[in-house]
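Written out below as structure tokens is the structure these notes cover.
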Amino acid sequence: MNVESTDWPENLAAYRRTPEFDAASCPKGLLRAHSTKPGVWAKLHVLAGQLLFRDIETGRESLLRSGIHPLIFPQRLHEVEPREGVRFFVEFHAHDPEGK
């Protein structure tokens, strides 16, 4: 299982994050193919356990644990599969024109 090694684009700023989820509270929408809005990048933060991430467009699967963050491109279809004991949240980023 591979995590895409592309670096995060410059001048991205976090602007929102989800609540913390576990296997039982993970929204159903994250379990099936979905994407971010135009211009919105996402970063998964695994706090405990493991989370399977699938990039639908490339066919890549990554088993995520703390410290591993796949690059989730704007409008690219992806989905997750929580594993027992997982705790995670999603952080959304967009370009910061001021470069802060």
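The side chain to side chain donor-acceptor pair (under 3.5 Å) contacts involving residues 12-30 comprise Glu20-Arg87, Asp22-Ser25, where partners must be two or more places apart or lie in separate chains. Evaluation of the side chain to side chain donor-acceptor pair (under 3.5 Å) test over residues 31-40, restricted to residues two or more places apart or in two chains, returns His34-His78.
Annotation: side chain of Phe88 is in contact with side chain of Leu30 (closest heavy-atom distance under 4.5 Å). Contact annotation: the side chain of Leu31 approaches that of Pro82 to within less than 4.5 Å [non-hydrogen atoms, C-beta and beyond].
Here His93 pairs with Trp8 under the ring-ring contact (aromatic ring centres under 6.0 Å, His included) rule; sequence neighbours left out. Phe92 meets the ring-ring contact (aromatic ring centres under 6.0 Å, His included) test with no other residue; sequence neighbours excluded. Remark: Glu79 engages Arg54 in a side chain to side chain donor-acceptor pair (under 3.5 Å) (not counting sequence neighbours). Residues passing the salt bridge (charged side-chain N to carboxylate O under 4.0 Å, His left out) test with Glu91, sequence neighbours excluded: none.
The CG atom of Leu77 sits 11.0 Å away from atom OG1 of Thr58, with the distance rounded to the nearest 0.5 Å. If you take CD on Glu84 and CD on Gln50, they are separated by 11.5 Å, rounding to the nearest 0.5 Å. With values rounded to the nearest 0.5 angstrom, His69 atom NE2 is found 5.0 Å from Lys43 atom NZ. Rounded to the nearest 0.5 angstrom, Arg65 CZ and Leu47 CG are separated by 14.5 Å.
Minimum interatomic distance between Pro19 and Phe89 (heavy atoms only, all atoms of both residues): O-CB, 3.6 Å.
The one candidate from Ile68, Leu64, Leu63 that meets the side-chain contact (heavy atoms from CB on, under 4.5 Å) condition with Phe53 is Leu64.
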